[in-house]
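Right, one structure below, let's go through it.
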2 protein chains.
Amino acid sequence: MQQLFQYFKQFSPLTAEAMDAIADICKLLHVAKHTDLQPIGHTCKTIYFLNKGIARIYYYKDGIDITESFAFENDILVRVESLFTGRPSRKAIQVLEDAELVAIDANQLFQLYDRYPEIERLFRKIFEAAHVETVNRIEALQFHTAEERYKALLNEEPNIIQRVPLKYIASYLGITQVSLSRIRSQR
Amino acid sequence: MQQLFQYFKQFSPLTAEAMDAIADICKLLHVAKHTDLQPIGHTCKTIYFLNKGIARIYYYKDGIDITESFAFENDILVRVESLFTGRPSRKAIQVLEDAELVAIDANQLFQLYDRYPEIERLFRKIFEAAHVETVNRIEALQFHTAEERYKALLNEEPNIIQRVPLKYIASYLGITQVSLSRIRSQR
DNA sequence: CTGATTATTTATCATATGTTAAAGGAATAG
DNA sequence: CTATTCCTTTAACATATGATAAATAATCAG
């Protein structure tokens with residue numbers, strides 16, 4: 001659990017009491033690769049934090065598997081559009097490498113918001129940072145070529161290539177597997 | 001100011017005291033069309049709410065004007081990636097039609113967060129909703145064709161065509177003006 | 001109202017990415 | 001270790017979108 005609280009520290013401070021309250025609603029999970037942590041159609045009621053391993057959020061569009069995002073060590077992992085609306089998600093969370101993660105019960109967390117404004121603030125800031133990343137991602141998709149997006153990804157996550165099947169990376173970049181292969185083979 | 005508080009009501013309730021505190025840090029603005037409300041390079045320190053009119057957030061990529069997003073009546077208007085990071089924004093806000101808007105001073109608002117958890121909660125929810133929209137937009141850009149995106153936009157904002165120059169719509173959709181014209185002329 | 005900008009459409013050609021199919025490599029189960 | 005399945009690359013062709021230029025159409029300033 002230290003890893004999680006270390007992560008929290010980047011965003012805002014917590015009293016010992018608030019930390020205990022959070023720890024009480026957390027569970028440590030070990031999940032084997034290829035497991036769907038949360039299936040399509042369920043409403044997101046858990047906020048995950050990845051201690052170790054890789055996961056992705058994916059969905060099906062016209063029967064084709066599309067990766068919306070990846071999560072790595074020390075990332076928060078959540079289906080925002082379901083958690084914040086209370087609606088079922090068309091997306092699933094899949095673990096790509098044997099993973100260790102912390103599961104935070106969202107309903108219990110939201111109750112803590114009432115008792116601990118500092119906890120509400122912490123998660124506000126965590127999700128604000130995620131929001132900023134999402135906005136930046138739009139810029140990439142809107143006006144960079146597939147090749148530029150691929151190179152930018154390599155820059156941010158140099159070892160994603162060794163750890164994630166290329167087909168997942170392709171749909172994350174908004175292109176087909178074949179196109180990605182073509183881009184990779186050019187020089 | 002009633003329009004703004006009406007908007008707030010959708011998200012969470014406020015005490016009269018909190019409403020007064022917010023009203024104290026708000027200014028009503030009238031801005032002529034074509035005006036840059038906030039220039040490129042400034043750090044976003046104001047949250048705007050549009051009572052009337054249309055605005056857009058735009059930036060330059062390789063010298064070309066690109067529209068990141070539009071805001072209409074009853075929309076919040078903010079450069080998230082600057083407001084939440086405190087860094088200067090490469091984006092500007094431009095008013096497209098004579099507009100009436102409410103300007104909320106962000107630094108003063110953040111101070112109110114300390115005194116009124118209910119205000120922090122309200123804005124948390126407002127930005128969570130914006131976050132969800134951003135996530136959904138990625139899905140559109142990632143795996144819909146330009147034509148699909150155009151039709152989806154028409155569906156959501158049927159009168160955007162009458163009110164916004166097509167060139168701005170084109171870059172918002174991630175395509176050139178010429179491509180949009182071509183799509184429109186097909187049937 | 002008129003001329004000058006600015007916005008939109010149309011046409012032509014170039015190019016990136018999609019689609020489909022097949023072959024070669026890598027991972028996995030038994 | 002082998003056979004099967006899954007992943008990745010390559011090839012050939014189709015198509016959507018980009019780039020450039022020119023022609024209309026609309027808007028705006030004087």
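Protein chains get the first letters and strands the later ones, always in sequence-line order, with residue 1 at the start of each. Bear in mind that the values here come from a model prediction, so they are computed numbers and not experimental data.
- Taking atom CG of B:L173 as the reference point, atom C1' of D:dG18 lies 15 Å away to the nearest angstrom.
- Of the N and O atoms on the side chains of A:Q3 and A:N74, at least one donor lies less than 3.5 Å from an acceptor on the other residue.
- Of the candidates C:dT10, D:dT8, C:dT17, the closest approach to any side-chain atom of B:S185 belongs to C:dT10.
- If you measure from atom CG of B:D65 to atom P of C:dT6, you get 14 Å, rounded to the nearest angstrom.
- Annotation: cation-pi geometry satisfied between B:K91 and B:Y59 (NZ/CZ under 6.0 angstrom from ring centroid, within 45° of ring axis).
- Rounded to whole Å, atom P of C:dT19 lies 12 Å from atom CD1 of A:I175.
- A:I183 places its CD1 atom 15 Å from the P atom of D:dT8, with the value rounded to the nearest Å.
- In this structure, A:S181 does not reach the D:dT8 phosphate: none of its side-chain N or O atoms is under 4.0 Å from OP1 or OP2.
- In this model, the phosphate group of D:dG18 is approached by a side-chain N or O of B:T176 to a distance below 4.0 Å at OP1 or OP2.
- A cation-pi arrangement is found for B:R56 relative to B:Y168, the charged atom lying closer than 6.0 Å to the ring centre and inside a 45° cone about the ring normal.
- The phosphate of C:dT17 has neither OP1 nor OP2 within less than 4.0 Å of any side-chain N or O from A:R182.
- Seen from the ring of A:Y172, A:R149 does not count as a face-on cation partner, given the 6.0 Å and 45° thresholds.
- At whole-Å resolution of the value, CG in A:L166 and C1' in D:dC6 are 13 Å apart.
- Phosphate proximity of C:dA26 to A:K167: absent, as no side-chain N or O sits under 4.0 Å from OP1 or OP2.
- Considering only side-chain N and O atoms, A:S179 lies under 4.0 angstrom from the phosphate OP1 or OP2 of C:dG18.
- The 5' end of DNA chain D is approached more closely, in terms of each residue's nearest nucleotide, by A:V178 than by the other of B:L180 and A:V178.
- Atom P of nucleotide C:dG18 and atom CD of B:E147 are separated by 17 Å, given to the nearest angstrom.
- Rounded to whole Å, the distance from CG on B:L141 to P on D:dT17 is 13 Å.
- Annotation: side chain of A:R121 is in contact with side chain of A:S12 (closest heavy-atom distance under 4.5 Å).
- Here the C1' atom of nucleotide D:dG18 and the CD atom of A:Q142 are 16 Å apart, to the nearest Å.
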